[in-house]
Structures are given as structure tokens and as C-alpha cells.
Amino acid sequence: MGPKSNSGFYLSKKAMVFFTLLIFALLVISSVFVILYARLRAGKADSVPPTVPVRWGPWGNSRLPGSLIPRHYQLELWPKQIPGQDQLYFLTGQVNVTVVCKEETETILIHSLDLNYSRVSITAPGSSPDASPNIEDIWIELKNDYLVIELDGKLVPGQEYIIQADYSGHLNEELTGLFISRYSEKNTDKIVIASLLEPTHARSVYPCFDEPAMKATFDIRLVHRPQFVALSNMPAIDVSERLAEDGKWNVTTFNTSVKMSTYLTAFSICDFDYVKTTYNDIEIRIWADKASISKGEADYALSITGPILAYFEEYFNLSYPIPKLDIIALPYYEAEAMENWGLLMFKKDALLIHPKMKFNYDRLSISTIIAHELAHQWFGNLATMKWWNDLWLNEGFASYFEHLNVASLGTSQELKLKYPLDLQYSVLHNEMYFSSRALSMKKEDVKTFDKILDMFNDITYYKGASIVHMLSNFMTEELFAKGIRLYLKTFSYSNAVTDDMWNHLQIALDSQDAVKLPASIKSIMDPWTMQEGVPVIRVNTLKGIITQQYFGESVENRVSNLIWFIPISWMKNGTMQPLLWLEKKQKTYSELTRTTDEEWILLNINVSCLYRIIYDESNWHQLILQLNKDPSVIPPANRAQIISDAFDLEWTGYIDIKVALSATTYLAKEQHSHVWLMALIYLEKLRSVLRATYTYGLYKKYIFRQFVPFYRYQMTLINEDFNNIHNSTIVKPISRATFETVSLLDLKDFMDQASHLYSELMSNPANNTIPSYIRRQIYCEAIKTGTDKEWNFAWARYLNQTTVSEDTDLLFAMGCSREPWILTRYLYYTLDDLMTSPEHQYVVYHSVAKNSVGWPLVWNFIRANWNMIETNNTYYFELTALFYTLAEGLLTDFEFQEFELFLNSTTGEEEWANEVEHIIKDRRQLFNWKKKIHTDVHNWLTENVPAD
């Protein structure tokens, strides 16, 4: 590169020649565009220039105008390799869209994204060639993804027209749209082509009316090489041959589809195998790579799909409308799963399980996600939300029914308890820590792709499911089911808004006299769907006064006046009482008044509604006394709720930390695993801020007293044999969190068992009898209590390329060593890619940082070697987790300032800079909380932990 000219502008002789040629080329291009434009005005487009006009028109609106309604698509997709480029693929397509004109128009808008057109035409079937206007102009509107077709005349209302197009596009490698994914089978590289079109990716595969209310039927053809099989929503009805310049192709033609939204169309071309069964004349096939099928990894999914389908057919009183159900396990997928009608697509790990993996937890996870996607065949596919602002009608109901179905199939009450606990905790936790929004948004606020994508979050899924759970409770499940059936029947193959749901549930309610509500379903439910956030209820049991307000760390003016219509289930001294309703800011109930000091009142029985509860101090005291006296009088879900409410209410400044700590004093008597799982979430948070303080010794003693009886009880359930965790009569009796807590407490019998099992593995490495479910904790305990011999064995096993899951277990476990020199060596191994792969580096850092011995080693190592680490990795998620853990060891303001300065010095890319901002904000909040509570926690533990 030469020096810059001082004059500011300089042209060499070479540059003059270049610009002369450039001007000539531009003249040629201009001539070509003039010719193309002339052809377009003649009424047929041989190609479409990607121009963007500056004039105003209907294309400026992000929503389709509704002047044309699609009725039917004839679609052919032909993925091809680029000649000479084996790894690059493109797409050619043909589409005929039959539309009905509803309003007179001279402009056709149809969605199109990154598609190039070689021909576009408009015809009126059954009419003379002159019956449809000519195309005057055609171009791509980029902002709203429109192919704009301007006509020289008007389309006539009531008349059918066919939009025909030949086009080309590309196969994505980002797992959306029509994408190509690569995998390896028996050391052979293979590909699979699949689709993910929700929410608005269909327009990148074929020009279409890509809105959920624009439903139509589809005739689909897929062109593919003969060694592959093609799948789509409907059964294949014909496979023919097509000869092309590059050889022979197969054309698979599928039956005409049911009426559906564009985002549900699905395509796959693969070299997979399948297992199959038949249920009520419906053929069910689970597809996966041939190695997985041969190992039986699809058998479990096959065994449960029919029964789940049967459950939903009976519950909804509507048959599944497609004669087949294909479920395909893809090596990589952007979503966990997608509910395309007739062709469900799953991420492989979310669907397949090896027959030898007998853990109920893993099987429960698979059955839950299958139930979710099958529930969508009714909620979403059959009856679809009209626009994405009401996405909760799809996802909230599917999330509710996934748990209802699994609970109905399970033999254990644990499953029925797991649902409200997991669901409500997730919602309330998110509402406390993250920005909130209304469940059902205004449609004008959900226009762009980013806004639509924002709807796919925990609020839609979990809060939606929570309010459905609440609704079914106060309506009764029988009436709720009746209303749901009415809704689905009315809106089959159609679209609905939230009010449609309320209206049909109201019809079911009005058809009987046994259940009476204080207001209409709409009046009760609108505050839960149309307002952001959730309420917190303050109960004064001395006066019988209940007050509601917005739950959050700070109450801003915009939310301070929000009111919910709240059903209040409650008991007094263990006896259930009639349901109450709170529909105003404050209300007095004489029956809620405690008449003696020994009485106690408990609200929200079995966590049937979505709110936090602040009791007056005397009622908190009586509830805690009852827990210590006989916890079984209080339902398990409420025992978990008391702990969760107490700690989260303390975090947000509503109550004192001593109340939260007191709520854990009874835990030595608690035998319910789900209650303990909830308790461990908060006890671990407390441990994380105490672990580097002088209070940690007292904390460990307190937790030891509370936790060990539960661990002993759990071990009796499996007869002291870890292999009995597989027992099908027990639903995850001992969680990983349980073993992590045991490990932190240095429990001798667990340490001895772990060392024994690890020694057996060292003597016979080929025969690993340690259950995979708890390998990480067993490895960790053995390495922690062992010498460099145990550590070196784990390192050699890691280097010998074990399974991916065991790699992670080993990497975490090697960070458990208590020898600083071993941990330091381990950290330096990460600087050599031949010893530790880049994706494993942060697993090492995080595992060592969680070790109290290793924490300062990692902190110093990261700072000393940041430049080398930074250039090797862009694993922001893993890096975030590491810095969260590192912040737990900070004790003084000076140390936190050092931490903050270092993080700010690491910012490079905008994505990481934003992440650093979040880390600092979150960790500062936790650091301030530690400073706030530490003295009170220390004093409370001093009073409640007996001296040795």
C-alpha cells in the first residue's frame, strides 16, 4: 500500500484505466436493467432485480394487507451441490400459490428472503390469458422481506389467481430455514438436510404468505439423490426418477397436506434408518442415524409416543388428523424440538437414549419433550394463535399439557409434585431477576423478527403454563377440559386470540351450576395475561387483612397500581378452608384472623397460584414451629414454597434473613427429595457467598446437621448401592445436587465408597461399573481424597479419548484435587491445545475455581495468561460462568474493584462487552448482599449451631 496523497485525491494511470472500464461496465449493466424492466412490463418476469423503491406503498407495513388469502401451494424443492464445490449447496424451487382475492388490489405482496427469481407470473385459472393483469414492476423490499409484484390493473374480489415462480436460494448452515447438517458415521462423513421454519424462516425456503393466520394446504415434492429418503408433513405417495446433467435423481411426491401455517411445513432428506409401530392405523416411525437405530437408542421414544398420542386424543376428544407420525433425531438442531405436523424434528440428545441407560430422570426428560411436541399437534397446529403476540396459546398450553400427561403416565406422586414446584419456581425466579413483560402482548408491539423471537422465552412457556395450571385448579379439571375441547373444535384448522380461549372456557362454566366464580373468566384472567409481572401478597393474620402489590426489587410508578384477580386457597392449622378471592388492592377477611397465638395460616395450597406470600412475623413463627414439630401437616409443595418465598423475599428486601434461615431449621426431618432440591438451591447460594469467610465453618456444621439425615434416608431407599438408582419405582431418589452437597461436607462413608469404586476402575479400566449418573461426584471424591496417582489415572483416561460425557466428568473431577501443585499443572495444560482441546479449557478453569484450594490459583492464572486465553477462545457462556464463580471468593471492596477493572480490560467484541456489563452488575449485587447479611448470618449460626 502506497502513502496517502497530501492533496486528498490522486489517480494513477492504472486507476484511470480501472475507472474507465468500471464506467463502461455500469453502462452495460444499466442497459441490461432497461431490457429486464421492459420484459417485466410485458407481464412475464424472467428475473427480478433486487431494487428498493423510495416511494410509499403497502410494502412499508410489516404485516400482510389481507387483500389476498392463500388457499393452496404446489411446491418443489431441489437441493443441489454447487459444481466443483462438494461442501457447498444451493436450492432451486418452483412454487404455484393459489390465492383468493378478498379486496381489490393492484399490488401483490408475498414474503421472500434471500431468494432469487428467474420467472414470476400471475394467471387466473379457468379464464382467458387476458383475464389477469400484466406485471408492471417486480422487486424485492428488503426491510419487510417482501417480493413486491405491481400490476397494470386490479385483481377482482372473489376471483382465484395463481402466483407462479421459479427461484433459487441457499441451504443454511446455521440450522434455520432449510439447512444442511454434517455428521460422521463409522468414520464416514455424511449429511442430512432438514428444516426449522418457526417463526418466519419459511420465506427463506419458498415465497409464501408467512403469517400464522394465512393457512393453506400443500402439495410438496422433494428432489434428492436415490441413496437418500425424503420426508415431509404427509405420507409419500410416489417416488419417480428424474434425469439431469449431473445424473439420476429421485422425486418424492407427498399427499396433499391438511390446512396449516407456513411455519409448520417440514422437509428432510437423509440417509437415516427407523424403527416403527402402528397405533390406531397411524404409522409411527422414529428416524435416526443408522448406528443409533442399530443400538436401540430410538426404542424408548417409539414405546411411549403411541400412548402419549392416545392420551391427548382422549383428553381433547379429537383425533390426530394425519395418517402417519414421523419423528427424526438430528445430530444438530437450533431448537430442542419442533412440532411440525406429521414430521417432528428433535435434537438427537433430546430424543434418543441407550437401552442400558435406565435412569428415570433421563427417560422423564424424553417423555416430557415428546409430550410437549405432541400437545402442539392440537395447540398450535390444529388451533393456532392468530399472531405471534398470542404465542402463549401455543406454547403455554403445550407446556402445561406436557406435565399433565407425564404425571398421568407416572406411577409416582413425585411427578405430580414436580410439576408445580419446577414451574412456579422458574417463573417467580425469572420475574425477580429478569425484565418482565405481559404474557399476551399487543399485536402492534410484535412486528419485527426480533420482537417475534423475543416471544419465545420463559414467560411464554412457563408463566403461560402456570396460569393454565391456576385456571384448571379453580375451574376444576373437568370443566377446564370441557372448555378446552370446545375451543379446539371451534378453531380447528383456524386461528384464535386469547379472548377466544376465555369465551369457550366461559361457555363450559355457564353450562353447569356446581362451580361459581366471582367474575367472568376474562375478568379474572386478563390481569394475568395483559399485565407484566406477578403479585406478592402481604397477610396480616392478626387483623385478617390481605394486601397485594407488584413483586419485584423496586416498585416503579408504572407497575405500582397493578391489580390481579387472585384465587386464594388456604388452610388453618392443617384444615382446608373455602376458597377466597382477592380482586382489589386490599381486603379484610374475618375468617383469616388468628384467634390464638398457637394458630397458623397457610396460603396457596399445593402452590396452585402464581404469587409470593409475606406473612406477619407471628405467623411466620408459628409456621416454622409447625414444621419443626410435624412437617407432614403442611403439604410438600408448600414446605418448598415457604423456603423459596422466605429467601427470595429476603433478597428483595421484604423480610429479614433470620426468617429465611429459620425456615430451614426443620430440614433434618424433611425426607421429600423435591423439597430438598428447592432448599439446596438457596443453601448453595448462601454457601457461595460464605465459602471464603470466617463464617463458613459454622455454615458447614449447620448444613451437616440438617442434611445428613436426608442423605441417610435416601441411601436406605437404594440399599446403600448406587446402582439401585436405576430402580424404576423411584423417580430420581438421589439428585446430583445431593451428591455435590455430600461431597462438600466430606462425609466419610461417601468418601470411602467413592474411593473403593474408583480403585476398582483403576484396576480394570475397561469395565466401568460406576453409574454414569454420579460419575462426576465419585471421580471428584476419589481424586480429592487421593494422591497424584488417582489424578494421573483420570488424566490418562481423558487423553485416551473416552466418551464426550465422561470427558466432562473427568475434567470437572480433576479440579477437585487439594494439591496446589497438581491444580497449577492442570491449569497450564490448558495452554497446549494438544493436551486440552479449546472447548475444554473453561471446563478446567471453572472446576478448579469451584475448589477453595484452587480459587486463587485460577484467579492469578487467568490474569497472568489472559492474552493467550483470549486469542484461543470465544466461549462467552463458559467464560461468564467462570467469572461468576471467581466473584464468589471476593471478600473486600478493594478485591471487587480489582475484579471489575480486570473484566473491563478484557472487553473486545461488543457481545463480550455487554456480557461483562451483566457479570459486573450481577456479581456486585451478590457481593453487596454478602456484606449486608454476613453479620446477621454469623450471629444466627452462632446461636443455632451447638459447640463441638
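- With hydrogens and angles ignored, the 3.5 Å screen pairs no side-chain donor or acceptor of Y183 with any backbone N or O of L330.
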Inset, instruction - Show your working on salt bridge (charged side-chain N to carboxylate O under 4.0 Å, His left out) between D289 and K348 and close with a plain yes or no. - result: CA-CA 9 Å; D289 60 273; K348 180 178 177 179; 3.1 Å; yes
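- Counted by atom type alone, W139 and E150 present one or more donor-acceptor pairs between their side chains at under 3.5 Å.
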Legend entry - Trace of the side-chain hydrogen bond (donor to acceptor under 3.5 Å, both in side chains) decision for H376 with N394: CA-CA 7 Å; H376 269 312; N394 284 18; 5.1 Å; no
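- Classification of the Y274-W287 ring pair by plane angle, with boundaries at 30° and 60°, yields tilted.
- For K80, there are no salt bridge (Lys or Arg N to Asp or Glu O under 4.0 Å) partners at least two apart in sequence or on another chain.
- Rounded to the nearest 0.5 angstrom, I353 CD1 and S292 OG are separated by 12.5 Å.
- Evaluation of the salt bridge (Lys or Arg N to Asp or Glu O under 4.0 Å) rule for K215 yields no partner, not counting sequence neighbours.
- Under the ring pair (Phe, Tyr, Trp, His ring centres under 6.0 Å) test applied with W378, the options F491, F316, W341, Y493 reduce to a single match, F316.
- No side-chain donor-acceptor contact under 3.5 Å links N280 to the backbone of I282.
- Using a 3.5 Å distance cut-off with no hydrogens or angles, the side chains of T368 and E402 do not pair a donor with an acceptor.
- Distance CD1/I163 to CG/L68: 6.0 Å, rounded to 0.5 Å.
- Classification of D271 and K290 as a salt-bridged pair holds, one side-chain N sitting under 4.0 Å from a carboxylate O.
- A salt bridge links R225 to D246: one of the charged nitrogens lies within less than 4.0 Å of a carboxylate oxygen.
- Side-chain atoms of S67 do not come within 3.5 Å of backbone N or O of K102 as any donor-acceptor pair.
- For an aromatic pair to be called close, the ring centres must be under 6.0 Å apart, and H111 with Y146 satisfies this.
- A donor-acceptor pair is defined here as one N or O able to donate and one able to accept, closer than 3.5 Å; no such pair exists between the side chain of R242 and the backbone of H224.
- Side chain to side chain, T265 and Y73 fail the donor-acceptor criterion of an N or O pair below 3.5 Å.
- Ring to ring, Y461 and W392 are not that close: their centroids are 6.0 angstrom or more apart.
- For N495 (side chain) and P212 (main-chain N/O), a donor-acceptor pair under 3.5 Å exists by modelled atom type.
- When ring centroids are compared, F379 and Y400 stay outside the 6.0 Å threshold.
- The CE atom of M338 sits 6.5 Å away from atom OH of Y333, with the distance rounded to the nearest 0.5 Å.
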Inset, instruction - Decide yes or no on side-chain hydrogen bond (donor to acceptor under 3.5 Å, both in side chains) for D114 and S204, but give the supporting numbers first. - result: CA-CA 6 Å; D114 297 332; S204 71; over 6 Å; no
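- F401 and F312 have perpendicular rings, their planes meeting at more than 60° on a 0 to 90° scale where under 30° would count as parallel.
- The backbone N or O of M441 sits less than 3.5 Å from a side-chain atom of N389, completing a donor-acceptor pair.
- The CD1 atom of I108 sits 7.0 Å away from the CD1 atom of I135 when rounded to the nearest 0.5 Å.
- No option in Y206, F449, F267 other than F449 meets the ring pair (Phe, Tyr, Trp, His ring centres under 6.0 Å) test with H201.
- Around atom CD of E174, no more than 12 heavy atoms belonging to other residues, nucleotides or ligands sit under 6.0 Å away.
- For the pair K143 (side chain) and G60 (backbone), a donor-acceptor distance under 3.5 Å is absent.
- No side-chain donor-acceptor contact under 3.5 Å links W388 to the backbone of K451.
- Here the side chain of Q377 pairs a donor or acceptor atom with the backbone of E339 at under 3.5 angstrom.
- For T107, the side chain to side chain donor-acceptor pair (under 3.5 Å) test picks out no residue, with sequence neighbours left out.
- Between the side chain of N233 and the backbone N or O of A266 there is at least one donor-acceptor pair closer than 3.5 Å.
- A donor atom on one side chain and an acceptor atom on the other are found under 3.5 Å apart for D210 and T262.
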Inset, instruction - Please step through side chain to side chain contact (heavy atoms under 4.5 Å, CB included) for the pair S268 and V192, ending with a clear verdict. - result: CA-CA 7 Å; S268 182; V192 56; 4.1 Å; yes
